[in-house]
Amino acid sequence: MQAMQFEVDGPLGWADASEPVAGTGEVVVEVVAAAVNRADLLQRSGKYPPPAGESEVLGLECSGTIVALGAGVADGVEGWAVGDQVCALLAGGGYAERVAVPATQLLPVPEGVSLADAAALPEAVCTVWSAIRDLPEPEEGELALVHGGSGGMGTMAIQLLRALGWRVAATASARHRELCASLGAEIVIEYRAEDFVDVVKGATEGRGAGFVLDVIGASYLDRNLEALALDGAMTVIAVQGGSKAEVDLRRLMQRRVTMRAMTLRARPRTGGRGSKAEVVRQVRETVWPLIAAGAVRPVIGARVPLVEAERAHELMGSPEAPGGKLLLVR
Ligand SMILES: NC(=O)c1ccc[n+]([C@@H]2O[C@H](COP(=O)([O-])OP(=O)(O)OC[C@H]3O[C@@H](n4cnc5c(N)ncnc54)[C@H](OP(=O)(O)O)[C@@H]3O)[C@@H](O)[C@H]2O)c1
(Lines give C-alpha, C1' and ligand atoms only; values in the text may rest on other atoms or scores of the structure.)
Protein backbone atom coordinates (compact mmCIF):
# COMPACT_ATOMS: atom_id res chain seq x y z
CA MET A 1 0.00 0.00 0.00
CA GLN A 2 1.01 3.64 -0.20
CA ALA A 3 1.25 6.26 2.52
CA MET A 4 2.56 9.79 2.98
CA GLN A 5 6.22 9.63 4.01
CA PHE A 6 8.68 12.32 5.12
CA GLU A 7 12.11 12.98 6.55
CA VAL A 8 12.27 15.54 9.39
CA ASP A 9 11.81 19.00 7.85
CA GLY A 10 11.68 17.44 4.38
CA PRO A 11 8.82 17.34 1.86
CA LEU A 12 5.91 14.94 2.03
CA GLY A 13 5.87 12.16 -0.56
CA TRP A 14 3.29 9.49 -1.42
CA ALA A 15 5.30 6.25 -1.45
CA ASP A 16 5.20 2.51 -0.75
CA ALA A 17 4.75 1.59 2.92
CA SER A 18 4.26 -1.66 4.79
CA GLU A 19 0.74 -3.05 4.72
CA PRO A 20 -0.98 -2.58 8.11
CA VAL A 21 -2.08 -5.77 9.84
CA ALA A 22 -5.03 -5.95 12.23
CA GLY A 23 -3.57 -7.10 15.56
CA THR A 24 -5.64 -8.43 18.42
CA GLY A 25 -8.53 -6.07 19.09
CA GLU A 26 -7.80 -4.07 15.91
CA VAL A 27 -9.38 -3.61 12.51
CA VAL A 28 -7.93 -2.34 9.22
CA VAL A 29 -9.71 0.64 7.69
CA GLU A 30 -9.50 1.51 3.97
CA VAL A 31 -9.08 5.28 4.26
CA VAL A 32 -11.50 7.57 2.41
CA ALA A 33 -10.41 10.78 4.13
CA ALA A 34 -8.07 11.97 6.86
CA ALA A 35 -7.88 15.37 8.52
CA VAL A 36 -4.91 17.64 9.18
CA ASN A 37 -4.03 18.60 12.73
CA ARG A 38 -1.46 21.10 13.92
CA ALA A 39 0.33 18.18 15.58
CA ASP A 40 1.07 16.79 12.08
CA LEU A 41 3.10 19.91 11.30
CA LEU A 42 4.97 19.55 14.59
CA GLN A 43 5.63 15.85 13.92
CA ARG A 44 7.13 16.74 10.55
CA SER A 45 9.55 19.10 12.23
CA GLY A 46 10.62 16.32 14.60
CA LYS A 47 9.05 17.95 17.66
CA TYR A 48 6.12 15.61 18.23
CA PRO A 49 7.07 11.96 17.63
CA PRO A 50 4.33 9.33 17.83
CA PRO A 51 3.94 7.40 21.12
CA ALA A 52 6.03 4.21 21.29
CA GLY A 53 4.68 1.41 19.13
CA GLU A 54 2.35 3.63 17.09
CA SER A 55 2.55 4.31 13.34
CA GLU A 56 5.22 6.78 12.17
CA VAL A 57 2.86 7.89 9.39
CA LEU A 58 1.08 11.20 9.96
CA GLY A 59 -2.63 11.36 10.64
CA LEU A 60 -4.53 11.43 13.92
CA GLU A 61 -7.97 10.73 12.47
CA CYS A 62 -9.57 9.23 9.41
CA SER A 63 -12.77 7.83 7.98
CA GLY A 64 -13.29 4.86 5.71
CA THR A 65 -14.49 1.28 5.45
CA ILE A 66 -13.45 -1.68 7.59
CA VAL A 67 -11.65 -4.24 5.36
CA ALA A 68 -10.21 -6.66 7.95
CA LEU A 69 -10.85 -7.70 11.55
CA GLY A 70 -8.15 -8.84 13.97
CA ALA A 71 -8.50 -11.50 16.64
CA GLY A 72 -11.09 -10.59 19.24
CA VAL A 73 -13.05 -8.37 16.88
CA ALA A 74 -14.36 -11.17 14.67
CA ASP A 75 -18.05 -11.91 14.21
CA GLY A 76 -19.16 -8.52 15.46
CA VAL A 77 -17.89 -9.21 19.00
CA GLU A 78 -17.00 -5.51 19.30
CA GLY A 79 -19.99 -4.50 17.23
CA TRP A 80 -17.96 -4.05 14.03
CA ALA A 81 -17.95 -5.99 10.76
CA VAL A 82 -16.13 -5.88 7.42
CA GLY A 83 -17.83 -3.28 5.22
CA ASP A 84 -18.84 -0.96 8.10
CA GLN A 85 -18.31 2.73 7.43
CA VAL A 86 -16.48 4.32 10.35
CA CYS A 87 -14.36 7.19 11.54
CA ALA A 88 -11.43 6.61 13.85
CA LEU A 89 -9.26 8.30 16.44
CA LEU A 90 -5.64 7.39 15.65
CA ALA A 91 -2.26 7.86 17.29
CA GLY A 92 -0.88 8.04 13.73
CA GLY A 93 -1.26 6.44 10.32
CA GLY A 94 -4.20 8.30 8.76
CA TYR A 95 -2.33 9.72 5.72
CA ALA A 96 -2.36 6.33 4.01
CA GLU A 97 -4.45 3.97 1.91
CA ARG A 98 -5.09 1.73 4.91
CA VAL A 99 -4.53 1.95 8.65
CA ALA A 100 -4.80 -0.46 11.59
CA VAL A 101 -6.98 0.89 14.41
CA PRO A 102 -7.97 -0.48 17.82
CA ALA A 103 -11.69 -1.30 17.59
CA THR A 104 -12.16 0.74 20.76
CA GLN A 105 -11.19 3.88 18.81
CA LEU A 106 -13.79 3.45 16.08
CA LEU A 107 -16.96 5.49 15.84
CA PRO A 108 -19.84 5.01 13.43
CA VAL A 109 -20.34 7.70 10.79
CA PRO A 110 -22.93 9.91 12.45
CA GLU A 111 -26.34 10.37 10.88
CA GLY A 112 -26.38 13.35 8.53
CA VAL A 113 -22.59 13.41 7.97
CA SER A 114 -20.89 12.11 4.81
CA LEU A 115 -18.29 9.36 5.12
CA ALA A 116 -15.47 11.72 4.08
CA ASP A 117 -16.51 14.60 6.36
CA ALA A 118 -16.67 12.24 9.36
CA ALA A 119 -12.83 12.18 9.25
CA ALA A 120 -12.89 15.72 10.67
CA LEU A 121 -14.68 14.64 13.85
CA PRO A 122 -12.71 12.22 16.08
CA GLU A 123 -9.74 14.36 17.15
CA ALA A 124 -11.72 17.57 17.73
CA VAL A 125 -14.67 15.89 19.42
CA CYS A 126 -12.52 13.68 21.67
CA THR A 127 -10.18 16.54 22.62
CA VAL A 128 -12.90 19.07 23.33
CA TRP A 129 -15.04 16.50 25.14
CA SER A 130 -12.09 15.53 27.36
CA ALA A 131 -11.53 19.21 28.14
CA ILE A 132 -15.13 19.92 29.17
CA ARG A 133 -16.56 16.67 30.42
CA ASP A 134 -15.98 17.39 34.12
CA LEU A 135 -17.57 20.84 34.04
CA PRO A 136 -20.68 21.38 36.12
CA GLU A 137 -23.82 22.33 34.21
CA PRO A 138 -23.75 26.03 33.38
CA GLU A 139 -25.92 28.35 35.40
CA GLU A 140 -28.48 30.47 33.58
CA GLY A 141 -26.59 32.80 31.20
CA GLU A 142 -23.13 31.55 32.22
CA LEU A 143 -20.43 32.41 29.69
CA ALA A 144 -17.63 30.20 28.34
CA LEU A 145 -14.62 31.74 26.60
CA VAL A 146 -13.14 29.71 23.73
CA HIS A 147 -9.73 30.81 22.48
CA GLY A 148 -8.93 30.09 18.84
CA GLY A 149 -12.65 29.82 18.10
CA SER A 150 -12.06 29.52 14.36
CA GLY A 151 -9.67 26.56 14.57
CA GLY A 152 -10.38 22.87 14.35
CA MET A 153 -10.75 22.64 18.13
CA GLY A 154 -12.45 25.99 18.56
CA THR A 155 -15.16 25.39 15.95
CA MET A 156 -16.05 22.16 17.76
CA ALA A 157 -15.83 23.76 21.22
CA ILE A 158 -18.18 26.61 20.34
CA GLN A 159 -20.82 24.18 19.11
CA LEU A 160 -20.48 21.69 21.96
CA LEU A 161 -20.54 24.30 24.70
CA ARG A 162 -23.60 25.92 23.10
CA ALA A 163 -25.31 22.54 22.89
CA LEU A 164 -24.59 22.01 26.60
CA GLY A 165 -26.26 25.30 27.47
CA TRP A 166 -23.36 27.77 27.73
CA ARG A 167 -23.31 31.24 26.23
CA VAL A 168 -20.08 31.37 24.23
CA ALA A 169 -17.51 34.09 23.58
CA ALA A 170 -14.72 33.18 21.15
CA THR A 171 -11.43 34.83 20.22
CA ALA A 172 -10.61 34.85 16.51
CA SER A 173 -9.17 36.94 13.68
CA ALA A 174 -11.51 39.46 12.10
CA ARG A 175 -11.88 37.36 8.96
CA HIS A 176 -13.24 34.45 11.05
CA ARG A 177 -15.85 36.49 12.92
CA GLU A 178 -18.76 35.27 10.78
CA LEU A 179 -17.70 31.63 11.06
CA CYS A 180 -17.59 31.74 14.88
CA ALA A 181 -20.90 33.60 15.04
CA SER A 182 -22.55 31.10 12.67
CA LEU A 183 -21.56 28.27 15.01
CA GLY A 184 -23.21 29.92 17.99
CA ALA A 185 -20.62 32.28 19.47
CA GLU A 186 -22.68 35.16 20.84
CA ILE A 187 -19.55 37.29 21.23
CA VAL A 188 -16.56 37.18 18.87
CA ILE A 189 -13.45 38.93 20.17
CA GLU A 190 -10.87 40.02 17.62
CA TYR A 191 -7.86 39.14 19.72
CA ARG A 192 -5.44 41.44 17.92
CA ALA A 193 -7.64 44.50 18.45
CA GLU A 194 -9.65 43.86 21.62
CA ASP A 195 -8.84 42.87 25.20
CA PHE A 196 -10.74 39.67 25.85
CA VAL A 197 -10.80 40.34 29.61
CA ASP A 198 -12.67 43.61 29.09
CA VAL A 199 -15.12 42.06 26.65
CA VAL A 200 -15.84 39.07 28.90
CA LYS A 201 -16.27 41.25 31.98
CA GLY A 202 -18.49 43.62 30.01
CA ALA A 203 -20.71 40.75 28.88
CA THR A 204 -21.12 39.28 32.38
CA GLU A 205 -21.74 42.38 34.55
CA GLY A 206 -18.16 42.06 35.78
CA ARG A 207 -18.45 38.42 36.95
CA GLY A 208 -16.25 36.86 34.27
CA ALA A 209 -16.42 33.55 32.38
CA GLY A 210 -17.37 30.31 34.11
CA PHE A 211 -15.06 28.40 31.80
CA VAL A 212 -12.08 29.15 29.58
CA LEU A 213 -10.82 26.73 26.92
CA ASP A 214 -7.26 27.81 26.20
CA VAL A 215 -5.01 27.01 23.22
CA ILE A 216 -2.45 29.77 23.86
CA GLY A 217 -0.86 28.92 27.23
CA ALA A 218 1.74 31.05 28.99
CA SER A 219 1.17 34.39 27.26
CA TYR A 220 -2.57 34.24 28.06
CA LEU A 221 -2.40 32.72 31.56
CA ASP A 222 -2.56 35.94 33.53
CA ARG A 223 -5.42 37.39 31.50
CA ASN A 224 -7.27 34.08 31.46
CA LEU A 225 -7.26 34.07 35.27
CA GLU A 226 -8.44 37.68 35.19
CA ALA A 227 -11.29 36.72 32.84
CA LEU A 228 -12.47 33.80 35.02
CA ALA A 229 -15.42 34.15 37.37
CA LEU A 230 -15.35 33.01 40.99
CA ASP A 231 -15.40 29.17 40.96
CA GLY A 232 -14.48 29.25 37.28
CA ALA A 233 -12.60 26.48 35.48
CA MET A 234 -9.99 26.54 32.76
CA THR A 235 -8.60 23.77 30.55
CA VAL A 236 -5.37 24.29 28.61
CA ILE A 237 -5.08 22.06 25.53
CA ALA A 238 -2.24 23.83 23.71
CA VAL A 239 0.67 26.18 24.35
CA GLN A 240 0.97 28.15 21.11
CA GLY A 241 2.03 31.14 23.28
CA GLY A 242 4.56 29.29 25.45
CA SER A 243 4.43 26.64 28.17
CA LYS A 244 6.14 28.31 31.12
CA ALA A 245 4.53 31.01 33.24
CA GLU A 246 4.41 32.12 36.85
CA VAL A 247 1.17 31.83 38.73
CA ASP A 248 0.16 33.30 42.10
CA LEU A 249 -1.44 30.36 43.89
CA ARG A 250 -3.09 32.75 46.38
CA ARG A 251 -4.98 34.24 43.47
CA LEU A 252 -6.16 30.78 42.39
CA MET A 253 -7.26 30.08 45.97
CA GLN A 254 -9.11 33.34 46.33
CA ARG A 255 -10.87 32.91 42.99
CA ARG A 256 -11.46 29.18 43.71
CA VAL A 257 -10.13 28.35 40.25
CA THR A 258 -10.06 24.82 38.82
CA MET A 259 -7.19 24.46 36.34
CA ARG A 260 -6.70 21.48 34.06
CA ALA A 261 -4.34 20.73 31.21
CA MET A 262 -4.49 17.74 28.92
CA THR A 263 -3.34 15.97 25.78
CA LEU A 264 -5.11 13.20 23.91
CA ARG A 265 -2.51 11.44 21.77
CA ALA A 266 -0.32 10.13 24.58
CA ARG A 267 -3.20 8.49 26.44
CA PRO A 268 -3.22 4.70 26.67
CA ARG A 269 -5.54 2.87 24.28
CA THR A 270 -7.43 1.18 27.11
CA GLY A 271 -7.28 1.06 30.87
CA GLY A 272 -10.11 2.98 32.45
CA ARG A 273 -10.64 6.66 33.15
CA GLY A 274 -8.93 8.89 30.64
CA SER A 275 -8.00 6.11 28.21
CA LYS A 276 -8.81 6.65 24.53
CA ALA A 277 -11.32 3.79 24.69
CA GLU A 278 -13.19 5.51 27.51
CA VAL A 279 -13.19 8.92 25.81
CA VAL A 280 -14.42 7.41 22.53
CA ARG A 281 -17.20 5.49 24.33
CA GLN A 282 -18.34 8.64 26.13
CA VAL A 283 -18.22 10.70 22.96
CA ARG A 284 -20.39 8.14 21.20
CA GLU A 285 -22.93 8.30 24.03
CA THR A 286 -22.97 12.06 24.52
CA VAL A 287 -21.79 13.90 21.41
CA TRP A 288 -22.93 11.56 18.61
CA PRO A 289 -26.63 12.18 19.44
CA LEU A 290 -25.96 15.95 19.29
CA ILE A 291 -24.48 15.51 15.80
CA ALA A 292 -27.42 13.36 14.69
CA ALA A 293 -29.76 16.06 16.04
CA GLY A 294 -27.95 18.72 13.98
CA ALA A 295 -26.69 20.67 17.02
CA VAL A 296 -23.04 19.90 16.21
CA ARG A 297 -21.43 19.35 12.81
CA PRO A 298 -17.95 18.93 11.37
CA VAL A 299 -16.65 22.27 10.12
CA ILE A 300 -14.53 21.78 7.00
CA GLY A 301 -12.53 24.80 5.86
CA ALA A 302 -11.01 23.14 2.79
CA ARG A 303 -10.83 19.79 1.03
CA VAL A 304 -7.50 18.79 -0.53
CA PRO A 305 -6.54 15.49 -2.22
CA LEU A 306 -4.58 13.31 0.23
CA VAL A 307 -1.67 13.06 -2.23
CA GLU A 308 -1.42 16.87 -2.03
CA ALA A 309 -1.13 16.91 1.79
CA GLU A 310 1.89 19.19 1.44
CA ARG A 311 -0.42 21.91 0.08
CA ALA A 312 -2.82 21.44 3.00
CA HIS A 313 0.07 21.81 5.47
CA GLU A 314 1.19 25.02 3.77
CA LEU A 315 -2.38 26.30 4.02
CA MET A 316 -2.61 25.49 7.72
CA GLY A 317 0.64 27.31 8.42
CA SER A 318 -0.33 30.39 6.40
CA PRO A 319 -2.19 33.58 7.36
CA GLU A 320 -4.86 32.53 4.83
CA ALA A 321 -5.70 29.35 6.75
CA PRO A 322 -9.43 28.81 6.48
CA GLY A 323 -11.35 28.22 9.69
CA GLY A 324 -12.35 24.73 10.79
CA LYS A 325 -10.64 21.54 9.68
CA LEU A 326 -8.60 20.78 6.57
CA LEU A 327 -9.77 17.52 5.05
CA LEU A 328 -7.51 15.22 2.98
CA VAL A 329 -9.64 13.22 0.59
CA ARG A 330 -8.50 10.16 -1.40
N1 LIG B 1 -4.24 18.73 23.94
C2 LIG B 1 -4.57 17.99 22.90
O3 LIG B 1 -4.73 16.79 22.98
C4 LIG B 1 -4.77 18.66 21.57
C5 LIG B 1 -5.54 18.02 20.59
C6 LIG B 1 -5.72 18.68 19.38
C7 LIG B 1 -5.16 19.93 19.16
N8 LIG B 1 -4.39 20.48 20.13
C9 LIG B 1 -3.75 21.79 19.93
O10 LIG B 1 -4.74 22.77 20.05
C11 LIG B 1 -4.34 23.91 19.27
C12 LIG B 1 -5.50 24.30 18.38
O13 LIG B 1 -5.72 23.23 17.49
P14 LIG B 1 -6.58 23.48 16.18
O15 LIG B 1 -6.71 22.17 15.51
O16 LIG B 1 -7.79 24.23 16.53
O17 LIG B 1 -5.57 24.39 15.35
P18 LIG B 1 -5.91 25.35 14.17
O19 LIG B 1 -7.08 24.83 13.41
O20 LIG B 1 -4.66 25.62 13.45
O21 LIG B 1 -6.39 26.68 14.89
C22 LIG B 1 -5.54 27.45 15.67
C23 LIG B 1 -6.31 28.69 16.00
O24 LIG B 1 -5.58 29.48 16.91
C25 LIG B 1 -6.04 30.80 16.72
N26 LIG B 1 -5.10 31.74 17.32
C27 LIG B 1 -3.82 31.95 16.98
N28 LIG B 1 -3.29 32.89 17.80
C29 LIG B 1 -4.27 33.24 18.68
C30 LIG B 1 -4.35 34.12 19.76
N31 LIG B 1 -3.29 34.86 20.14
N32 LIG B 1 -5.50 34.22 20.44
C33 LIG B 1 -6.57 33.50 20.10
N34 LIG B 1 -6.57 32.62 19.08
C35 LIG B 1 -5.43 32.50 18.38
C36 LIG B 1 -6.23 30.96 15.22
O37 LIG B 1 -7.29 31.85 15.00
P38 LIG B 1 -7.40 32.83 13.71
O39 LIG B 1 -7.01 32.03 12.50
O40 LIG B 1 -8.85 33.23 13.69
O41 LIG B 1 -6.45 33.95 13.96
C42 LIG B 1 -6.62 29.54 14.80
O43 LIG B 1 -8.01 29.42 14.59
C44 LIG B 1 -3.10 23.50 18.47
O45 LIG B 1 -1.96 24.03 19.09
C46 LIG B 1 -3.14 21.98 18.56
O47 LIG B 1 -1.86 21.43 18.45
C48 LIG B 1 -4.20 19.89 21.33
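Start at 1 and go down the list; that is how both ligands and their atoms are numbered.
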| said: Checking contacts here: is it the side chain or the backbone of H176 that comes within 4.0 Å of ligand 1, counting heavy atoms only? Could be both or neither. | reply: side chain

| message | Checking a contact table here: which protein heavy atom is nearest atom 47 (O) of ligand 1, and how many Å away? | response | R38 CB, 3.6 Å

| request: Have a look at ligand 1 and work out which part of I216, if any, has a heavy atom under 4.0 Å from it: side chain, backbone, both or neither. | output: side chain

| task | Classify the contact between R265 and ligand 1 as side chain, backbone, both or neither, using a heavy-atom distance cut-off of under 4.0 Å. | result | neither

| Any idea which protein heavy atom is nearest atom 3 (O) of ligand 1, and the distance to it? | L264 N, 2.8 Å

| message | Give me the residue, atom name and distance of the protein heavy atom closest to atom 13 (O) of ligand 1. | response | M153 CG, 3.5 Å

| message | Regarding ligand 1, does A172 bring an N or O atom to under 3.5 Å of one of the ligand's N or O atoms? | response | no

| query | Strictly by modelled atom types, are D16 and Q2 linked by a side-chain donor-acceptor pair under 3.5 Å? | reply | yes

| request: Could you pull out, from A266, G323, G148, the option with a heavy atom nearest to atom 25 (C) of ligand 1? | output: G148

| request: Kindly say whether the aromatic ring centers of Y191 and H147 come within a distance under 6.0 Å. | output: no

| said: Counting the benzene-type ring for Trp, do Y95 and H313 have ring centres under 6.0 Å apart? | reply: yes

| message | Show the atoms of ligand 1 that are less than 4.0 angstrom away from any heavy atom in E123. | response | 5 (C), 6 (C)

| Identify the closest protein heavy atom to atom 21 (O) of ligand 1: which residue and atom is it, and at what distance? | G151 CA, 3.3 Å

| query | What protein heavy atom sits nearest atom 43 (O) of ligand 1, and how far off is it? | reply | S150 OG, 2.7 Å

| query | Does the side chain of W129 pick up a donor-acceptor pair with the side chain of Q282 at under 3.5 Å? | reply | yes

| On the ring face of Y48, is R265 found with NZ or CZ under 6.0 Å from the centre and within 45° of the axis? | yes

| query | Between the side chains of R192 and S173, is a donor N or O closer than 3.5 angstrom to an acceptor N or O? | reply | yes

| task | Report the part of T127 in contact with ligand 1, treating N, CA, C, O as backbone and CB onward as side chain, heavy atoms under 4.0 Å; options are side chain, backbone, both, neither. | result | side chain

| note | Among non-hydrogen protein atoms, atom 32 (N) of ligand 1 lies closest to Y220 OH, 2.6 Å

| field | Protein contact of atom 28 (N) of ligand 1 - nearest heavy atom, named by residue and atom, plus distance | value | Y191 OH, 3.5 Å

| task | Treat each ILVMFWY residue as a node, draw an edge where side-chain heavy atoms are under 4.5 Å apart, and state whether L90 and L264 are in one component. | result | no

| Taking NZ, NE, NH1 and NH2 as the nitrogens, is one of them in E190 or R175 under 4.0 Å from a carboxylate oxygen of the other? | no

| task | Can you pull out the closest protein heavy atom to atom 11 (C) of ligand 1? Residue, atom name and distance to 0.1 Å, please. | result | A238 CB, 3.4 Å

| M4 CE to D40 CG distance, which is reported to the nearest 0.5 Å | 11.5 Å

